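These figures come from a predicted structure and were not determined experimentally. When a residue number appears, it is its place in the shown sequence, counting from 1. Whatever order the structure lists them in is the order used to number ligands and atoms, beginning at 1.
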Amino acid sequence: MQRDDSFELYDIKVEVINNGIKPMACNHKPGDCFFLSGENFSLPDGQSFPVYCLAALIPIITVKQRMTDPNDWISTDHEVACPDVNCGGVFKISRVCKKKFYHHQVTATRKCYE
Ligand SMILES: [Zn+2]
């Protein structure tokens, strides 16, 4: 009998906003966005996103996909400044919805059941 090996992850949307203090220094503008669903990153058609900003966001958004303690700052803090100190970009991270995944479909590593 197959045990339930499902788990849930949030789909993530990251939207660029301006901090109202500095202009943008990077190649992103207010309203630009990208999405993360499971392991899949996507952009709206025709839009790009700076790889240096993306690299800075990856550790945060991959944690934001997961259920976190409501008292943990990662649960409550939704805006992250651009890593370029000269840029007024802020990235608003939203948990859009939850999706169900199955361990056996996302890894070849066998799960040990006690
Ligand atoms: Zn920037």
A quick test of your reading: do over 12 heavy atoms of other residues, nucleotides or ligands sit less than 6.0 Å from NZ of Lys22?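 It does: Lys22 NZ has more than 12 such atoms within range.
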Under 6.0 Å between the ring centres of Phe34 and Phe41?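 Yes - the distance between ring centres of Phe34 and Phe41 falls below the 6.0 Å cut-off.
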Would you please say whether a donor-acceptor pair under 3.5 Å links the side chains of Arg95 and Thr68?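 Distance-only check passes for Arg95 and Thr68.
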Side chain of Glu15, backbone of Phe91: donor and acceptor closer than 3.5 Å?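 No.
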Are the side chain of Ser94 and the backbone of Val96 linked by a donor-acceptor contact shorter than 3.5 Å?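 Between the backbone of Val96 and the side chain of Ser94 there is no qualifying donor-acceptor contact (under 3.5 Å).
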For the Zn ion (ligand 1), how many protein N, O or S atoms come closer than 2.8 Å?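 My tally for this metal is 4.
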Out of curiosity, Cys53 SG to Asp32 CG, how far, rounded to the nearest 0.5 Å?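 Output value for this atom pair is 10.5 Å.
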